[in-house]
Student: 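To start, I am sharing the structure in question, which I have written as C-alpha cells.
Reminder, nothing fancy here: chain letters follow the sequence lines and each chain counts from 1.
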Amino acid sequence: MSFENYDWSDVVPIEQDDGPDPLAQIAYDPEYSKAMGYFRALAQKNEHSERALTLTEKIIEHNPAHYTIWHYRQQILFSLNKDLYEELDFIRNQVEQNPKNYQLWHHRQVIVEKLKDCSLESSFTEEVLNDDSKNYHAWTYRQWVIRTFNLWDNELSFVEKLLEKDIRNNSAWNQRYFAIFYNPTKPSEEFLEQEVQYGITKIKLAPNNISPWNYVKGVIAKSKLKIDVLEELCKTLYQQGIISPHALGCLVDIYEDRAKCGSINEKELGIQTCILLAEQHDTIRQKYWNYRKHVLTSIA
Amino acid sequence: MGIIDRPFPLEQLFTKNDEYSTESSTQQSKTEKLVYDLFKVVKEKNSLKTIRLNRIAHIKFATDGLKGLHKHWVVLDANKPWLCYWMLHVLDLLGHDITQELISRGVSTISKLQNATGGFGGGPAQISHAAVTYAAVNTIAILGTKEAYDLIDRESLYKWFMKLKQPDGSFIMHEGGEVDIRGAYCVLASAALTNLITPELIAGTADWIRRCQAFDGGIGGEPGLEAHGGYAFCGLAAMEILGKTDLLDVPSLFRWASSLQMQLEGGFQGRPNKLVDGCYSFWVGALFPILEIIMTRQQLKKNDAKCKELDEYIGQNMI
C-alpha cells in the first residue's frame, strides 16, 4: 500500500526549514517533499506505525542514503515487532539496485543482530560477490558475519573458488589472510609454510600480479621464515627472462636485509636492482626506487 | 617528468598480463586502451603544455551549484554540508572571491543543520553524522568569519563525539550507525579544528587504527579488511592528528601507496588490481605529503640523536 493511501488527516506536515536563501537548495520532487513533510511531523511525536513504516520506504526510494530514515525505520520495525525475515528480503532487493550503499548494509547487520540468525548471510554475500567480486561492503559485512557467528570453517574454500575465477582478486587474497590469521584457532608453523608454497605457485601463474606477492610477504612476516625464501623464485624468474617489478622489488628487500648485516656485495646488488627498477622496469615509481637506493647507500 | 613526455613509446607502458587473462586484467586492459587513445593524440601533437585547468568552467560549476541543484541531487539530501564544502572549497582553492553574501548564506544554511544534542546532520531535522559534521566544520573554516566560528556549539559537539566513541577506541558514524575508520578521522579532524581534543576523546583510538593496517602495508576500513586508498588516508591523517604515526609500519605503507600509481594512466587505483579513479588522486596522493612530514621528522630525530652522541663524545674527550 502506498503511503498516500493511509489516512494523514490528523497530521500537519512540517515544512523543511532551510532558512532564508539557503545554499545548494535541491529542487525536490513534490512526492519527496510531501513525504518528508509527514516524516518531520511523525518524528516530532516519535510515532511508530504502519503508515510511518511505509513512509520510510517511499523516502528511501528517492534517497537510499537517507541515514536518519533508516535509523527511524529500524526503530519502527522493532516497536511493531515486524517480521524481520521479510525485512531481509526487502534488503536483498534493495542491495541489487544499490550494492554500494553504507546504510543498506548496516541495516542488514542491525536486523541480523536482532534476529541472532546468520543462516542466510553466507549465501547472501556470496550472491552479491558473484555480481561484483570486489564489493567492499559485501566483504566488510561477510567478515562481520564470520567474526560474530564464528563461521570460520568454510571460508578458505570460498576464497579458493574466487581465486580460481580470478587470481588477481585482491579482496579474495585479503580474505584468505583474514580466514587464517583472524581465526581464533591460530595456524601452525607448518601450515604457514604450506601457505608460502601456495602463494609461490600462484605467483608463477602471473608474476606481474602483485596480490600473491603481498600475501606471501605477509605470511612470511607472521612465520619463522625469512623473506629470502623467495630469493630462488625471484632469481629464477629473472633468468627465464620474465621481468616482474615485484620480483625485483623483493630482491631489493632481501639485499637490504643482508646489507644491514654487513654484506657489502649485497648492498651493491641492491643498489643496482633499484637502478634497474627506477630506469627500466618500474619507471612510474622512479622516485620511490631512488629513495630505496638512497637508503641502501646510507647503510654503514 | 610525466607520462606523455617520456622518451619512449606509450605502448611500452601497457600492463603485462603474463599471457594469463582474468577479469581483472581484462578490465585493466580496456581502461588502458581508453586512456592510451587520449594520451596518444596529445603526444603526437606535442600539445601537453596547452592543457590547462579550466578555472572558469569549474568556478561556474561551483557557483551554479551553490545557487541550487536539480531534483536528481535528492540522493545527496542527507549530505548538504558536503555539497557546501565541496563547492566552496573549489572556489577557495581557485582563489575565487567568496563574497559576504555567500558567507552569510553559508552561515545561515549550516546553522539550520546543527542539532541541540551536538553535531550536524545532513539536512534540517536529520540526526547528526560524523562525516557530515566534518564537512560542516570544514565549510565553517572556509567561510572563516567570527560569526561562522561562533555558530558551533562546542560543548554539545564534544558530548556527541563521546557518544560515538566505542570501548575499543573506534567511532561510529551516527547514533546506531556503522563503525569504520572514517569515523575516527572525521571526529578527530573536527575535534582538532574546534580545539576539542582531549585524552578522554582519543583514548584507544591510535591502537585501533594501528590494527587497521593490513599485511600489505595499506590501511583498511576496520581491522581485517582489505587495504583501501580512502581508508588509508583517513587512517594516516588521523594518526598524524594523534601524533601516533610511529605506531604504523611507515615504510610498508609508503611502499603500498607507491604501488597504487598506474604506470600508463598516471593516476591512482584505490586497491591493487583495481582500476584508476580520479578520487584516488586525492585519497592516495594526499598520503605522500603526510608521509614526507613523518619521514622528515624521523630523520631529524636520528640526526638529533647522532648530534647528541657526537656532543657526548666530544664532551668526554675534551676533558
Student: Who wins among A:Tyr32, A:Tyr67, A:Trp213 for the most heavy-atom pairs under 4.5 Å with chain B?
Tutor: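 Of A:Tyr32, A:Tyr67, A:Trp213, A:Tyr67 has the most heavy-atom pairs under 4.5 Å with chain B.
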Student: Specify which of B:Arg255, B:Met87, B:Glu101 makes the most heavy-atom pairs with chain A at under 4.5 Å.
Tutor: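 Of the options given, most contacts go to B:Arg255.
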Student: Considering only heavy atoms from C-beta outward, does the side chain of B:Glu222 approach that of A:Arg147 to under 4.5 Å?
Tutor: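 B:Glu222 reaches A:Arg147 side chain to side chain.
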Student: Just so I understand: if I count every heavy-atom pair under 4.5 Å between each of B:Thr109, B:Asn273, B:Asn79 and chain A, which residue has the most?
Tutor: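 Option with the greatest count: B:Asn273.
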Student: Chain A heavy atoms under 4.5 Å from B:Tyr231: which part of the residue, side chain, backbone, both or neither?
Tutor: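 Side chain of B:Tyr231 only, per the 4.5 Å heavy-atom cut-off to chain A.
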Student: Shorter than 4.5 Å, heavy atoms on both sides: which option in A:Pro20, A:Gly218, A:Ser171 has the most such pairs with chain B?
Tutor: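 With the most close heavy-atom pairs to chain B, the winner is A:Ser171.
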Student: Within the 3.5 Å criterion, strictly below it, is a donor on A:Asn208 or B:Asp18 matched to an acceptor on the partner's side chain?
Tutor: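 The answer is yes; a qualifying pair exists.
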Student: For B:Trp73, look at atom CH2 and say whether over 12 heavy atoms of other residues, nucleotides or ligands are found less than 6.0 Å away.
Tutor: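 No, the 6.0 Å shell around CH2 holds no more than 12 heavy atoms from other groups.
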Student: Just by modelled atom types, is the B:Val74 backbone N or O under 3.5 Å from a matching donor or acceptor in the A:Asn63 side chain?
Tutor: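 A pair under 3.5 Å: yes.
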Student: Return yes when atom NZ of A:Lys45 has more than 12 non-hydrogen atoms of other residues, nucleotides or ligands closer than 6.0 Å, and no otherwise.
Tutor: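 It does: A:Lys45 NZ has more than 12 such atoms within range.
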Student: Are the side chains of A:Gln143 and B:Leu225 in touch, meaning some heavy atoms are under 4.5 Å apart?
Tutor: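 When only atoms from C-beta onward are counted, B:Leu225 and A:Gln143 do touch, with a gap below 4.5 Å.
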Student: Identify which of A:Asn214, A:Thr68, A:Leu23 forms the greatest number of heavy-atom pairs closer than 4.5 Å to chain B.
Tutor: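 Highest number of heavy-atom pairs under 4.5 Å: A:Leu23.
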Student: How far does CD of B:Gln299 sit from OG of A:Ser298, to the nearest 0.5 angstrom?
Tutor: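 So the gap between those two atoms works out to 7.5 Å.
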Student: Please look at A:Ala65 and chain B and tell me whether the side chain, the backbone, both or neither of the residue comes under 4.5 angstrom of a heavy atom of that chain.
Tutor: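 Backbone plus side chain of A:Ala65, per the 4.5 Å heavy-atom cut-off to chain B.
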Student: Name the region of A:Ala206, side chain, backbone, both or neither, that has any atom closer than 4.5 Å to a heavy atom of chain B.
Tutor: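 For A:Ala206, heavy atoms of backbone and side chain both lie under 4.5 Å from chain B.
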Student: Counting only non-hydrogen atoms closer than 4.5 Å, does B:Ser25 touch chain A with its backbone (N, CA, C, O), its side chain (CB onward), both, or neither?
Tutor: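 Contact with chain A involves both backbone and side-chain atoms of B:Ser25.
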Student: Considering only heavy atoms, which portion of B:Asn17 lies under 4.5 Å from any heavy atom of chain A: side chain, backbone, both, or neither?
Tutor: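 Its backbone and side chain both get close to chain A.
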Student: Using non-hydrogen atoms and a 4.5 Å limit, figure out which bit of A:Ile243 sits close to chain B: side chain, backbone, both or neither.
Tutor: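 Looking at A:Ile243, backbone and side chain both touch chain B.
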Student: With chain A, which of B:Pro272, B:Ala78, B:Gly68, B:Gly221 has the greatest number of heavy-atom pairs at distances under 4.5 Å?
Tutor: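 Highest number of heavy-atom pairs under 4.5 Å: B:Pro272.
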Student: Distance from B:Leu76 atom CG to A:Ile26 atom CD1, nearest 0.5 Å?
Tutor: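 One finds 7.0 Å between CG of B:Leu76 and CD1 of A:Ile26.
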Student: Identify, with sequence neighbours excluded, every residue that meets ring-ring contact (aromatic ring centres under 6.0 Å, His included) alongside A:Tyr72.
Tutor: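 Partners of A:Tyr72 under the ring-ring contact (aromatic ring centres under 6.0 Å, His included) test: A:Phe39.
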Student: For A:Trp144, which atoms come within 4.5 Å of any heavy atom of chain B: side chain, backbone, both, or neither?
Tutor: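 When you check distances to chain B, no heavy atom of A:Trp144 falls under 4.5 Å.
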Student: Identify all side-chain donor-acceptor contacts of residues 123-132 of chain B below 3.5 Å with residues at least two apart in sequence or on another chain.
Tutor:
unit_1   : atom_1 : unit_2   : atom_2 : d
B:Gln126 : OE1    : B:Gly123 : N      : 3.4
B:Gln126 : NE2    : B:Asp77  : O      : 3.1
B:Ser128 : OG     : B:Asn115 : ND2    : 2.8
B:Ser128 : OG     : B:Gly118 : O      : 2.7
B:Ser128 : OG     : B:Gly119 : O      : 3.2
B:His129 : ND1    : B:Ala131 : N      : 3.1

Student: Should the heavy atoms of other residues, nucleotides or ligands under 6.0 Å from NZ of A:Lys222 be counted, would the total exceed 12?
Tutor: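 No, NZ of A:Lys222 has 12 or fewer neighbouring heavy atoms, counting only those of other groups under 6.0 Å.
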Student: Starting at CD of A:Gln175, measure out to CD of B:Glu226 and round the result to the nearest 0.5 Å.
Tutor: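 Separation between the atoms: 9.5 Å.
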Student: Before we go on, tell me: are the rings of A:Tyr291 and B:Phe254 under 6.0 Å apart, centre to centre?
Tutor: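 That pair passes the under 6.0 Å test.
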Student: Write down the atom of B:Lys71, the atom of A:Asp29, and the distance for their closest heavy-atom approach.
Tutor: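 Residues B:Lys71 and A:Asp29, closest heavy atoms: NZ-OD2, 3.8 Å.
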Student: Could you tell me if the side chain of B:Arg182 sits less than 4.5 Å from the side chain of A:Tyr102, heavy atoms only?
Tutor: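 A:Tyr102 vs B:Arg182: side chains touch.
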Student: Honestly, is B:Arg271 close enough over A:Tyr136, meaning NZ or CZ under 6.0 Å from the six-membered ring centre and within 45° of the axis?
Tutor: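 Judged by the rule (NZ or CZ under 6.0 Å from the ring centre, within 45° of its axis), B:Arg271 is not positioned above A:Tyr136.
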Student: So for atom CD, which belongs to B:Gln298, do other residues, nucleotides or ligands contribute more than 12 heavy atoms lying within a distance under 6.0 Å?
Tutor: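 Above 12, so yes.
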Student: If we only count heavy atoms from C-beta on, is the A:Arg168 to B:Tyr20 side-chain gap below 4.5 Å?
Tutor: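 Result yes, sub-4.5 Å side-chain heavy-atom pair found.
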Student: Are there more than 12 heavy atoms of other residues, nucleotides or ligands under 6.0 Å from atom CD of B:Glu147?
Tutor: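 Result for CD/B:Glu147: open.
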Student: When rounded to the nearest 0.5 angstrom, what distance separates CD in B:Glu23 from CD1 in A:Ile167?
Tutor: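 That separation rounds to 14.5 Å.
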Student: Do A:Asn174 and B:Phe215 make a side-chain contact, defined as non-hydrogen atoms from C-beta onward lying under 4.5 Å apart?
Tutor: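 Yes, their side chains come closer than 4.5 Å.
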Student: What option among A:Lys217, A:Gln25, A:Lys134 has the most heavy-atom pairs under 4.5 Å with chain B?
Tutor: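 Top count of heavy-atom pairs under 4.5 Å with chain B: A:Lys134.
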Student: Within a 6.0 Å radius of atom CZ on B:Phe61, are there more than 12 heavy atoms belonging to other residues, nucleotides or ligands?
Tutor: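 Count not over threshold, so no.
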Student: Using modelled atom types and a 3.5 Å cut-off, is there a donor and acceptor pairing between side-chain atoms of A:Tyr182 and backbone atoms of B:Gly224?
Tutor: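 Yes; judged by distance alone, with no hydrogens or angles, the pair exists.
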Student: What part of B:Met262 is in contact with chain A, defined as an atom under 4.5 angstrom from a non-hydrogen atom: side chain, backbone, both or neither?
Tutor: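 For B:Met262, the contact with chain A is made by the backbone alone.
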Student: Relative to chain A, which segment of B:Lys16 carries a heavy atom at a distance below 4.5 Å: side chain, backbone, both, or neither?
Tutor: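 For B:Lys16, backbone and side chain are both near chain A.
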Student: Just how far is it from atom OG of B:Ser259 to atom NE2 of A:His246, taken to the nearest 0.5 Å?
Tutor: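 Answer for the OG-NE2 pair, B:Ser259 versus A:His246, is 8.0 Å.
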Student: Is it the case that more than 12 heavy atoms not belonging to A:Gln75 sit under 6.0 Å from its CD atom?
Tutor: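 Yes - once you tally the heavy atoms of other residues, nucleotides and ligands closer than 6.0 Å, there are more than 12.
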Student: Heavy-atom distances under 4.5 Å only: say whether B:Glu19 touches chain A with side chain, backbone, both or neither.
Tutor: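 Looking at B:Glu19, nothing touches chain A.
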Student: Using non-hydrogen atoms and a 4.5 Å limit, figure out which bit of A:His71 sits close to chain B: side chain, backbone, both or neither.
Tutor: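 Just its side chain gets close to chain B.
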Student: For B:Ser24 and A:Asp166, work out which heavy atoms get closest and say how close.
Tutor: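 Heavy atoms of B:Ser24 and A:Asp166 come nearest at OG-OD2, 2.6 Å.
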Student: Report the option among A:Val295, A:Asp253, A:Ile242, A:Ile14 that has the most heavy-atom pairs separated by less than 4.5 Å from atoms of chain B.
Tutor: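 Max contact count across the listed options: A:Asp253.
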Student: If you count heavy-atom pairs within less than 4.5 Å of chain B, which of A:Ile210, A:Val219, A:Leu205 leads?
Tutor: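 Of the options given, most contacts go to A:Leu205.
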Student: Could you check which of B:Arg105, B:Glu178, B:Lys80 has the highest count of heavy-atom pairs closer than 4.5 Å to chain A?
Tutor: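 Greatest number of close heavy-atom pairs with chain A: B:Arg105.
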Student: Tell me whether the count of non-hydrogen atoms from other residues, nucleotides or ligands lying under 6.0 Å of CD in A:Gln44 goes above 12.
Tutor: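 No, because the 6.0 Å sphere around CD of A:Gln44 holds 12 heavy atoms or fewer from other groups.
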